[in-house]
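One structure is given here, and the rest of the page talks about it.
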Amino acid sequence: MALITKKIKGTEDVLPKDSYRWQFVEDIMRRESQSYGFKEIRTPVFEHTELFARGVGQTTDVVQKEMYTFNTKGGESVTLRPEGTAGAARAVLEHALDNEGLPIKASYFVSCYRYEKPQAGRLREFHQFGLEEYGTQSPIADAELICAAQSIFDRLGVRQLRLEINSIGCPVCRAEYHSALKEYFEGHKDELCDTCISRLDKNPMRILDCKSPVCSAIAKDAPKIIDYLCDECKEHFASVRTYLDAAGVRYEVNPTIVRGLDYYTKTVFEFVTDFIGAQGTVCGGGRYDGLIEELGGKHLPSLGFAMGIERLLMLMDKQGIEIPKPSGCDLYVATMGENAVVRAFEIIKSVRDCGLVAETDVVGRGLRAQMKYADKIGAKFALVLGENEIEQGFASVKNMKSGEQTQLALNDTFAEKFSVLQLAYSDSFKL
Ligand code: HAM
């Protein structure tokens with residue numbers, strides 16, 4: 001029968017044989033961010049549409065073109081999160097976390113949804129790991145956050161990832177910059193796409209990240225925000241660079257980075273690679289000093305970043321970085337006869353209770369096929385259980401690699417003795 005449906009365009013399945021790769025990177029992200037003092041926040045996959053419209057910005061590509069928005073049966077407009085920052089900020093505000101002391105440091109793993117044209121490294125459902133820090137304007141926090149991203153990449157063994165930084169100023173310097181941009185783009189009005197023409201008055205900076213080839217070619221020669229920074233922003237950016245230098249983090253200043261979301265102020269940064277094609281930005285972030293106020297809170301200068309897990313895994317794959325496979329099955333109990341099946345069930349339970357991985361037959365294979373299967377799943381040891389073994393109360397545990405056999409009593413101490421055996425094996429294996 002033909003499948004009634006297949007996965008939606010731009011989405012991916014992570015299969016059991018591959019999920020260890022995700023778990024490996026997630027473990028490192030979790031551990032590394034904990035060492036920087038971040039604790040995990042979990043927020044809903046959908047929010048009121050208004051949150052993203054206000055937070056991410058009405059004139060951004062994300063809000064204008066890419067959101068999965070729908071009306072609920074109750075008539076509310078809700079949106080599947082296109083990113084993690086707005087939801088986390090909403091939760092911080094809603095639970096008044098700033099009353100518990102500053103800064104607040106939150107990490108997250110989120111699935112995100114953007115209706116973009118799928119291609120390598122660009123999905124409609126993708127996953128991000130992110131860090132957000134609220135309640136500090138210190139440039140030390142900017143540098144520390146960038147260091148946290150860099151250490152995650154270092155721990156994963158990722159190479160040739162360029163860190164590009166820029167400052168996009170604050171509302172003070174932005175005013176003058178907007179006029180300069182407007183004047184520049186007015187001169188090309190006839191060539192701009194309709195969306196960008198509508199951005200000219202409202203938010204000319206968004207023209208800089210339009211994906212249309214014509215608009216992006218025009219944008220190349222547009223005035224750069226870095227030439228319009230006020231003294232405070234200039235000083236802040238210089239300090240961020242001093243701390244990055246002190247930490248030995250290598251970067252390039254790229255005056256064309258503006259990021260595609262409206263909430264950014266001052267520092268912005270991206271980690272970019274040439275290894276995975278056109279969608280080479282693996283991580284992006286920056287400061288967003290005005291977002292919390294925009295969402296109805298007090299002034300709470302904040303900053304953060306998010307890295308795309310799919311793009312990161314693609315990069316690791318392209319660079320041939322080996323991800324350790326989980327150790328797999330420690331003991332496979334093959335059975336012959338009905339009594340053996342029941343006894344095997346008891347044995348695997350006691351071995352699992354010791355924290356080891358044990359399996360037995362659940363599909364009715366014959367003995368030979370069971371042993372073949374044990375080999376296929378990489379079982380380290382196998383035990384064959386038949387009427388004889390049960391009668392004698394002993395069975396031999398076979399080391400599948402060396403062929404060596406060890407007799408173990410089939411009593412209450414079986415699991416403990418097997419753990420010792422398997423430990424000795426793991427040690428010799430490591431050597
Ligand atoms: P973003 O640059 O839109 O920033 O996304 C962050 C990362 O998510 C990108 O660098 C990329 O690796 C990944 N990504 C984005 N779109 C896709 C896609 N369609 N398919 C696959 N991966 C994708 C943000 O989302 C901000 N919230 C980051 C941030 C956090 N800024 C401050 N705090």
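Order of appearance sets the numbers: ligands from 1, and atoms from 1 within every ligand.
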> Going through the distances and angles, do Thr85 and Glu132 end up as a side-chain hydrogen bond (donor to acceptor under 3.5 Å, both in side chains)?
Replying inline: CA-CA 7 Å; Thr85 308; Glu132 310 288 353; 3.0 Å; yes

>> What verdict does the salt bridge (Lys or Arg N to Asp or Glu O under 4.0 Å) test give for Glu66 and Lys211, after you've listed the backbone C-alpha separation in whole Å, the side-chain angles of each residue and the deciding distance to 0.1 Å?
In response: CA-CA 12 Å; Glu66 298 167 3; Lys211 290 181 188 102; 3.1 Å; yes

>> Evaluate Asp61 against Arg206 for salt bridge (Lys or Arg N to Asp or Glu O under 4.0 Å), listing each step before the verdict.
In response: CA-CA 8 Å; Asp61 266 7; Arg206 287 284 69 90; over 6 Å; no

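Looking only at heavy atoms of the protein, atom 1 (P) of ligand 1 is closest to Arg259 NH2, 3.5 Å. Counting protein heavy atoms only, atom 6 (C) of ligand 1 is closest to Gln128 NE2, 3.3 Å. Scanning the protein for heavy atoms near atom 20 (N) of ligand 1, the closest one is Leu123 N, 2.9 Å. Protein heavy atom closest to atom 9 (C) of ligand 1, with residue, atom name and distance, is Thr281 O, 3.8 Å.
Residues Tyr425 and Phe381 bring their aromatic ring centres within 6.0 Å.
Close N/O approach between Thr85 and ligand 1 is found [any backbone or side-chain N/O within under 3.5 Å]. Inclusion of Arg114 in the set of residues having an N or O under 3.5 Å from an N or O of ligand 1 is warranted. Note: no N/O pair closer than 3.5 Å links Leu261 and ligand 1 by distance alone. In terms of N/O distances under 3.5 Å, ligand 1 is not approached by Phe126. Between Leu303 and ligand 1, no pair of N/O atoms sits closer than 3.5 Å. On a distance-only criterion, Arg122 and ligand 1 share no N/O pair closer than 3.5 Å. Close N/O approach between Tyr288 and ligand 1 is not found [any backbone or side-chain N/O within under 3.5 Å].
Contact annotation for Gln279 and ligand 1: no heavy atom of the residue comes within less than 4.0 Å of the ligand.
Using a 4.0 Å heavy-atom cutoff, Glu270 is absent from the residues neighbouring ligand 1. Distances shorter than 4.0 angstrom do not occur between any heavy atom of Glu310 and any atom of ligand 1.
Taken to the nearest 0.5 Å, the CG atom of Asp330 stands 4.5 Å off from the CG atom of Leu356.
Salt bridge annotation for Lys266-Asp142: absent, with no cationic side-chain nitrogen under 4.0 angstrom from a carboxylate oxygen. Salt bridge absent: Arg241 and Asp245 never bring a charged side-chain N and a carboxylate O closer than 4.0 Å. One finds no salt bridge joining Glu83 and Arg114 here, because no Lys/Arg side-chain nitrogen approaches an Asp/Glu carboxylate oxygen to under 4.0 Å.
Contact atoms of ligand 1 toward Val282: 10 (O), 12 (O) (distance under 4.0 Å to a heavy atom of the residue). Of all atoms in ligand 1, listed by their number and element, those nearer than 4.0 Å to a heavy atom of Tyr263 are 26 (C), 27 (N), 31 (N). Each of the following atoms of ligand 1 lies closer than 4.0 Å to a heavy atom of Phe305: 29 (C), 30 (C), 32 (C), 33 (N). Against a heavy-atom cut-off of under 4.0 Å, Cys283 is close to the following atoms of ligand 1: 10 (O). Annotation for ligand 1: atoms under 4.0 Å from non-hydrogen atoms of Glu83 are 25 (O), 26 (C), 27 (N). Distances below 4.0 Å separate heavy atoms of Glu132 from the following atoms of ligand 1: 30 (C), 32 (C), 33 (N). Those atoms of ligand 1 with a heavy atom of Gly284 less than 4.0 angstrom away are 10 (O), 28 (C), 29 (C). Close approach to Gly285 involves these atoms of ligand 1, each under 4.0 Å from a residue heavy atom: 31 (N).
Comparing Tyr115, Phe271, Tyr264 by heavy-atom distance to atom 28 (C) of ligand 1, the nearest is Tyr264. The residue from Gly121, Ser302, Gly308 that puts a heavy atom closest to atom 21 (C) of ligand 1 is Gly121.
Among the candidates Tyr113, Tyr108, Trp22, the single residue satisfying the ring-ring contact (aromatic ring centres under 6.0 Å, His included) test with His127 is Trp22.
Note that Arg174 lies outside the cation-pi zone of Tyr228, set by a 6.0 Å cut-off to the ring centre and a 45° limit from the axis.
Within a 6.0 Å radius of CZ in Arg42, other residues, nucleotides and ligands contribute 12 heavy atoms or fewer. A 6.0 Å sphere centred on CD of Gln119 holds more than 12 heavy atoms belonging to other residues, nucleotides or ligands.
Relative ring orientation between Phe70 and Phe46 is described as tilted, the plane-to-plane angle lying within the 30° to 60° band.
Taking 4.5 Å as the limit, some side-chain heavy atom of Arg199 sits within range of a side-chain heavy atom of Gln64.
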